[in-house]
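This report refers to the structure that appears directly beneath it.
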Amino acid sequence: TFLKTAFSFSDHDSDDDSYEVLDLTEYARRHHWWNRVFGRNSGPIVEKYSVATQIVMGGVTGWCAGFLFQKVGKLAATAVGGGFLLLQIASHSGYVQVDWKRVEKDVNKAKKQLKKRANKAAPEINTLIEESTEFIKQNIVVSSGFVGGFLLGLAS
């Protein structure tokens, strides 16, 4: 595939625009940092590393993600639970009056809107799932290390 882009080098007053064509594939060959990041082949970058390195890379990133997920999850659960508890105490004490019929009506309306949006987004979600599955298949060693590290991070 040929990746090309054009840049305009002209005055804004002129009607005759001239363009210089820059071949990005040739640019990538001349700049070694580009080759190191994206490589000459189209396969996964992690294939360049040994199996042990791939497992360690996946495990470390998985542990970090799991640890952060655990901390953020606890914080979110505490905030939601604490807010609900305070709302119940305020309601029971008479500081707040909750119109539960209106809440139920709004929740049902939101459910209907979510169902409509979910039906529209179904093809996009299927494409995302297929792409994720393909990525996991191509990088099975790193993916399994990530899952193991994620579970360890959750347990930490």
Over 12 foreign heavy atoms within 6.0 Å of CD, E104: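 Atom CD in E104 is not crowded, with 12 or fewer foreign heavy atoms closer than 6.0 Å.
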So [Y] and [X], do their side chains get closer than 4.5 Å, heavy atoms only?
X    : Y    : result
Q97  : D99  : no
K111 : L114 : no
V56  : V60  : yes

Taking every non-hydrogen atom, the tightest pair across W63 and S156: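 Of all heavy-atom pairs spanning W63 and S156, the closest is NE1-OG, 2.9 Å.
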For the student: nearest non-hydrogen atoms of F146 and A65, plus distance: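 What the structure gives for the nearest pair is CZ-CB, 3.9 Å.
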Report yes or no: do [X] and [Y] belong to one cluster of Ile/Leu/Val/Met/Phe/Trp/Tyr joined by side chain heavy-atom distances under 4.5 Å?
X    : Y    : value
Y95  : W100 : yes
I140 : V51  : yes
V107 : F84  : no

Roughly how far, to the nearest 0.5 Å, is the [atom2] atom of [Y] from the [atom1] atom of [X]?
X    : Y    : atom1 : atom2 : answer
I55  : S143 : CD1   : OG    : 11.5 Å
L85  : Q88  : CG    : CD    : 8.0 Å
H92  : I89  : NE2   : CD1   : 9.5 Å
E131 : I129 : CD    : CD1   : 11.0 Å
K109 : K105 : NZ    : NZ    : 7.5 Å
L154 : F67  : CG    : CZ    : 11.0 Å

Side-chain (S91) to main-chain (L87) donor-acceptor, under 3.5 angstrom: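 No; judged by distance alone, with no hydrogens or angles, the pair does not exist.
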Check: V141 main-chain N/O paired with S144 side-chain donor or acceptor under 3.5 Å: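 Checking the backbone N and O of V141 against the side chain of S144, a donor-acceptor pair under 3.5 Å is found.
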